[in-house]
Q: 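Quick one: the structure is below, questions incoming.
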Amino acid sequence: PDEICAMDFQAYRTALTSAGFDFKPMQGRRGIDAWYFTRGDVGVMAYTHGNADPAKGKACISKLIISAYA
């Protein structure tokens, strides 16, 4: 359903990089498992649904983990 994935990976990536976050893909056993965004002492791990590669089309976010490091 489109309403569940109204804000897909590209929307999150754009919002986070516009806010000054750098990002890199985190490689797993089945391709790209997550994307890691960092800015200073804040990290955001974004997992796409079904380990989908956002470069291959629309990818929904299945989980976000936000961490602040002291």
Q: For Phe37, check ring-ring contact (aromatic ring centres under 6.0 Å, His included) against everything at least two apart and list the hits.
A: Phe23
Q: Got Tyr12 and Met7 here, is their nearest side-chain heavy-atom distance under 4.5 Å?
A: yes
Q: Show every donor-acceptor pair shorter than 3.5 Å between a side-chain atom in residues 63-70 and any protein atom, with sequence neighbours excluded, or say none if there are none.
A:
residue	atom	partner	partner atom	Å
Tyr69	OH	Tyr36	OH	3.0

Q: Kindly give the heavy-atom pair with the smallest separation between Ala46 and Ile61, and that separation in Å.
A: CB-CD1, 4.0 Å
Q: Under the ring-ring contact (aromatic ring centres under 6.0 Å, His included) test, which residues partner Phe21, sequence neighbours left out?
A: none
Q: Shortest non-hydrogen contact from Arg39 to Ala19?
A: NH1-O, 2.5 Å
Q: What's the separation between atom CG in Leu16 and atom CZ in Phe9, rounded to the nearest 0.5 Å?
A: 8.5 Å
